[in-house]
Structures are given as structure tokens and as C-alpha cells.
Engineer: 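So that we are looking at the same thing, I have put the structure below in C-alpha cells.
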Amino acid sequence: MKILLIGYGKMGGAMVTRWLASGVVDHVDAVSPHAKDKPALANLTPYSSIEEWTNAKRTIDLIVLGIKPQMFASVCPHLKPYLPSGVPVMSIAAGITLKTLHDLLGDDHAYIRTMPNTPSRIGKGITGYALSDEKQKSMADSLLKDLGLAIQLSDEALIDSLSAISGSGPAYFYFFAEALEKAAINANLAPDIAKMLAKQTLIGAAALLEETNDTPENQRTAVTSPNGSTAAAIRVFEANRGLESLVNEAVAAAIDRALALGKIQ
């Protein structure tokens with residue numbers, strides 16, 4: 001399979017890096033003003049513009065739009081005349097609906113709307129997706145399952161909710177790791193030890209959750225001895241439903257922002 005990636009950012013780059021490494025994709029043409037400044041990647045050819053790519057007369061099986069949602073209204077009309085007719089288009093942009101893709105790029109393509117996350121780069125990601133045409137399911141599954149778990153959503157609107165959990169979720173995880181590291185330093189541990197403790201504690205906890213296939217609640221309870229030191233810490237998190245309320249508020253804010261990004265002006 002040959003792919004045209006338009007917009008060579010972190011998420012698009014993570015996806016094609018994984019696909020090329022696993023062999024599910026044979027070659028990637030990457031179009032971005034800064035594509036040629038990126039580190040060289042085997043079986044990836046960079047192009048500075050869609051015009052340069054068109055002049056190269058390449059054939060492709062899939063177009064992946066890795067551009068920011070704020071750029072769709074200005075970039076898509078420029079791209080439209082250059083995109084090969086009949087080639088499916090996959091979008092990884094938050095908030096951009098299948099209808100918006102169709103309105104901007106026309107009837108010549110089937111559309112795959114996805115929301116991956118950055119662990120996709122190592123095959124540990126999760127991607128939610130919706131299709132404009134079920135005929136594209138086989139292609140979507142082949143590519144997205146190579147990135148990790150893939151979930152087809154029957155209600156496209158749920159992608160915004162999924163985005164706020166798994167799409168943004170790695171950032172929440174890293175934010176907590178930062179806070180844990182800083183707390184370790186405040187508890188008089190050396191910075192290098194604090195970093196090691198925060199990182200390995202979260203890696204180990206996540207790995208145990210995966211291996212046991214248990215619930216987070218059960219795993220938390222197993223660590224929390226009654227009236228012990230862990231219980232004292234959990235009580236702080238639970239005060240006035242503090243952590244739970246904060247997470248709900250954060251997820252709601254992410255959903256609202258995704259919806260706002262999808263409103264093409």
C-alpha cells in the first residue's frame with residue numbers, strides 16, 4: 001500500500017512511522033512545507049507542496065490528512081484539484097466530520113474519520129473511527145489495528161467523546177507523571193530519582209492493569225490498605241470528589257473544544 005500524507009505533524013508522523021516499520025505500508029509520500037527538514041525515514045519521500053508531489057506523478061492507495069482542524073477551511077479548497085479521484089481520504093483531525101470532509105473535498109472520495117493517539121507510534125495506541133462507506137472497513141481495520149486497538153463507532157458524534165478520553169488521554173497521563181515527579185522532589189528525593197520513580201511507577205501500574213485485565217478500581221483497592229499511607233493520599237484525591245470532578249470537567253472541556261474546531265468558518 002502507498003500513502004500520501006498531507007501535513008507531516010506529530011500524529012501523522014507517528015502513524016506513518018509505525019506503518020512503515022511494521023510493513024503494512026510500502027511507501028509514504030509526505031507533503032508539508034517542512035517535510036524535507038524532518039529526519040530521513042526509509043521508504044518516505046518528502047515534498048514541499050502538493051504541486052511538487054503532483055508533478056512527480058506518483059500513484060497512491062490512500063490520502064491521510066494530517067493538517068490541523070483550524071486549517072481545513074483554507075487548505076482543502078487548494079488541495080481538492082490535486083487529489084486523485086477515487087482515492088479514499090482518511091482524516092485524523094479533531095472535530096472535522098465526515099460531512100465536512102465531503103463538503104470540502106467533494107464526491108470523488110470515500111472518507112474515513114479517525115481519532116488515533118500518539119502511542120500508535122509503537123503499536124500501543126487506540127483509534128476510534130467512522131466511515132462514509134462501509135467498503136472502506138477492510139482498509140481501515142488493516143491500518144488502524146496495526147497501530148493498536150481500533151474501534152468503529154456506529155455514531156460518528158461519539159468520536160468527539162472518544163477524542164477527549166483516548167486522543168487527549170496520553171497528555172493527561174504525562175501531566176500526572178509530571179506532578180508526581182515534582183511531588184517526589186518536594187519530598188526531598190533527588191531529581192534523577194524522582195524522575196525514575198514517577199516514570200517506572202506509572203509504567204508498572206499500566207502494565208499490571210493490562211496483564212491482569214482487572215478493573216482500575218480493584219487494582220487501586222489492592223494497593224490501598226485500610227487506614228494506611230496510601231489511603232491517606234487517596235482521601236485527599238477524593239475530598240469533595242475532587243479528582244473525579246476535575247477529570248469530568250477536563251473531558252467536557254476537551255469535547256467542547258473539539259466541537260468548536262469542527263465548525264468550519
Engineer: Any side-chain to backbone donor/acceptor pair from Trp53 onto Asp29? Under 3.5 Å, distance only.
Structural biologist: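 Checking the backbone N and O of Asp29 against the side chain of Trp53, no donor-acceptor pair under 3.5 Å is found.
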
Engineer: Does a side-chain N-to-carboxylate-O contact under 4.0 Å join Asp133 and Arg113?
Structural biologist: no

Engineer: Is the side chain of Ser132 donor-acceptor paired with the backbone N or O of Tyr111 at a distance under 3.5 Å, no angle test?
Structural biologist: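 Yes.
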
Engineer: Taking Glu178 first and then Lys195, would you say they form a salt bridge - that is, a charged N and a carboxylate O separated by under 4.0 Å?
Structural biologist: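 The answer is no: the pair does not qualify as a salt bridge.
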
Engineer: Verify, without hydrogens or angle tests, whether Ser120 (side chain) and Asn117 (backbone) share a donor-acceptor contact under 3.5 angstrom.
Structural biologist: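 Judged by distance alone, yes, a pair lies under 3.5 Å.
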
Engineer: With no hydrogens and no angle check, is any side-chain donor or acceptor of His27 less than 3.5 Å from a backbone partner on Lys2?
Structural biologist: no

Engineer: So which atom in Lys145 and which in Ala150 form the shortest heavy-atom distance, rounded to 0.1 Å?
Structural biologist: CG-CB, 3.8 Å

Engineer: Under the ring-ring contact (aromatic ring centres under 6.0 Å, His included) definition, can you give me all pairs with a residue in residues 76-104, not counting sequence neighbours?
Structural biologist: His78-Tyr82

Engineer: Does some side-chain heavy atom of Tyr172 sit less than 4.5 Å from a side-chain heavy atom of Ile165?
Structural biologist: no

Engineer: Treating His109 as the side-chain partner and Val87 as the backbone partner, does any N or O pair qualify as donor plus acceptor under 3.5 Å?
Structural biologist: yes

Engineer: Output all residues satisfying salt bridge (charged side-chain N to carboxylate O under 4.0 Å, His left out) with Asp103, sequence neighbours left out; order by chain, then residue number.
Structural biologist: Lys99

Engineer: For Gln219 and Thr212, which I'm curious about, is there any donor-acceptor pair between the side chains at under 3.5 Å?
Structural biologist: yes

Engineer: Tell me if a side-chain donor or acceptor on Ser74 pairs with a main-chain N or O of Met71 at a distance below 3.5 Å.
Structural biologist: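 Indeed, once roles are kept as given, a pair shorter than 3.5 Å links the two residues.
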
Engineer: Give a yes or no on whether the backbone of Thr100 and the side-chain of Thr97 come within a donor-acceptor separation of less than 3.5 Å.
Structural biologist: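 Judged by distance alone, yes, a pair lies under 3.5 Å.
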
